Amino acid sequence: MMAAKPFSQACENNKQPILEQLQRFLPDSGLILEIGTGTGQHAVHFAAALPQLQWQPSDRPEAVDNCRPWLAEAARCNILPPLALDVSVTPWPLQQADAVFSANTSHIMAWPDVEGMFAGVAGLLPEGGRFCLYGPFNYQGRYTSDSNRNFDHYLKSQTPTMGLRDMDDLEALAARVGLGLIADVAMPANNRFLVWQRQ
């Protein structure tokens with residue numbers, strides 16, 4: 001008997017706006033690593049809309065099975081079995097990818113894990129390969145909305161190492177590993193779609 005599918009309303013709300021940006025910035029073919037697949041709703045939606053791409057789901061070892069009910073129901077030939085990926089542990093279980101996508105992960109990771117994610121992504125991508133990162137971010141130490149401020153306070157009340165990341169810190173981190181920001185797109189609900197490119 002198949003396990004009940006987990007469900008995220010946020011994924012349902014943002015999957016189409018994110019897809020529209022992925023269609024702009026992902027390559028015409030190749031392997032896309034998704035970091036933090038979660039329920040699997042994004043993976044199924046994006047793989048169906050982008051059949052020319054191979055989609056590689058991944059998540060933390062303790063969470064990697066959460067997406068399996070969605071992936072099993074979709075049964076798409078361009079979705080690979082999910083990988084257990086702890087971004088802070090090297091080497092990663094994947095040696096290369098043509099692009100990387102991650103949604104709503106940087107603010108739930110501790111900062112050392114964000115550093116690990118960027119370093120790992122830079123090691124996977126070919127020259128010109130892109131890392132698409134979606135979520136809420138701060139700019140010059142300031143919140144972009146009251147809702148983001150409230151969300152940040154909530155995260156830090158749960159775990160002090162979580163919280164919205166500032167673009168100045170992310171750009172400095174990305175530069176150290178050879179990634180340059182090529183797009184910063186405003187998205188619904190005070191989120192952003194960031195695209196970093198391997199230099």
Side-chain angles (χ1 to χ4, degrees), residues 2-26 32-53 55-60 62-76 78-80 82 85 87 99-109 113-114 117 121 130-139 142-159 162-167 170 181-196:
M2 186 181 298
K5 291 193 301 180
F7 181 80
S8 165
Q9 187 60 53
C11 284
E12 286 301 299
N13 295 345
N14 63 35
K15 66 183 184 183
Q16 189 59 31
I18 291 175
L19 174 61
E20 291 169 6
Q21 299 307 316
L22 292 176
Q23 289 169 324
R24 293 177 59 197
F25 292 107
L26 290 184
I32 313 303
L33 171 64
E34 180 182 15
I35 298 175
T37 296
T39 64
Q41 289 162 257
H42 277 165
V44 168
H45 186 68
F46 301 153
L50 303 165
Q52 75 278 14
L53 298 173
W55 201 264
Q56 176 61 75
S58 75
D59 215 321
R60 303 181 317 281
E62 67 273 20
V64 70
D65 291 333
N66 292 347
C67 64
R68 291 187 188 276
W70 279 89
L71 303 191
E73 182 181 79
R76 293 202 56 84
N78 65 326
I79 302 180
L80 300 173
L85 172 61
V87 295
V100 180
F101 164 72
S102 191
N104 291 321
T105 52
S106 64
H107 54 267
I108 62 173
M109 294 178 178
D113 292 336
V114 178
M117 177 169 66
V121 166
R130 292 170 175 175
F131 174 31
C132 301
L133 182 63
Y134 169 87
F137 303 96
N138 289 341
Y139 290 79
R142 298 184 179 90
Y143 298 105
T144 61
S145 68
D146 289 340
S147 62
N148 280 358
R149 177 187 292 106
N150 294 338
F151 183 47
D152 187 50
H153 291 169
Y154 167 76
L155 290 171
K156 290 174 178 173
S157 74
Q158 301 301 303
T159 306
M162 295 196 300
L164 271 61
R165 306 304 172 191
D166 194 274
M167 281 298 296
L170 292 178
L181 186 69
I182 63 166
D184 180 352
V185 182
M187 300 289 281
N190 302 304
N191 288 300
R192 311 293 296 189
F193 188 91
L194 309 177
V195 184
W196 314 86

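Given the structure is predicted, the values throughout are model-derived calculations rather than measurements.
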Examine distances only and state if a side-chain atom of [X] and a backbone atom of [Y] form a donor-acceptor pair shorter than 3.5 Å.
X: Glu34; Y: Trp55; value: no
X: Asn148; Y: Tyr143; value: no
X: Thr159; Y: Met162; value: no
X: Arg192; Y: Phe137; value: no

Checklist entry - Given Glu12, which of Gln16, Gln9, Lys15 fulfils the side chain to side chain donor-acceptor pair (under 3.5 Å) condition? => result Lys15
[X] [atom1] to [Y] [atom2] distance, which is reported to the nearest 0.5 Å:
X: Tyr139; Y: Leu164; atom1: OH; atom2: CG; result: 10.5 Å
X: Asn190; Y: Thr144; atom1: CG; atom2: OG1; result: 5.0 Å
X: Gln52; Y: Leu26; atom1: CD; atom2: CG; result: 8.5 Å
X: Leu71; Y: Lys5; atom1: CG; atom2: NZ; result: 10.5 Å
X: Arg165; Y: Leu194; atom1: CZ; atom2: CG; result: 14.0 Å
X: Ser145; Y: Asn150; atom1: OG; atom2: CG; result: 8.0 Å

Checklist entry - So His42 and Asn14, side chain to side chain donor-acceptor pair (under 3.5 Å) or not? Walk me through it. => result CA-CA 9 Å; His42 277 165; Asn14 63 35; 2.6 Å; yes
Taking the side chain as everything from C-beta on, heavy atoms only, tell me whether [X] gets closer than 4.5 Å to [Y].
X: Leu33; Y: Val121; answer: no
X: Asp59; Y: Cys67; answer: no
X: Asn78; Y: Leu50; answer: no
X: Thr37; Y: Pro82; answer: no

Could you pull out every donor-acceptor pair under 3.5 Å between side chains of residues 99-106 and any protein atom, sequence neighbours left out?
residue : atom : partner : partner atom : Å
Ser102  : OG   : Ile35   : O            : 2.8
Ser102  : OG   : Thr105  : OG1          : 2.7

List the atom pairs, donor and acceptor, that lie under 3.5 Å between side-chain atoms in residues 17-24 and the rest of the protein, sequence neighbours left out.
residue : atom : partner : partner atom : Å
Gln21   : OE1  : Arg24   : NH1          : 2.8

Checklist entry - Relative to each other, are the rings of His107 and Phe151 parallel, tilted or perpendicular (30° and 60° limits)? => result perpendicular
Item to check | Heavy-atom closest pair, residues Cys132 and Phe193 | outcome: CB-CZ, 3.5 Å
Item to check | Flag if over 12 foreign heavy atoms under 6.0 Å of OH, Tyr154 | outcome: no
Checklist entry - Going by an N to O cut-off under 4.0 Å, is there a salt bridge joining Asp152 and Arg149? => result no
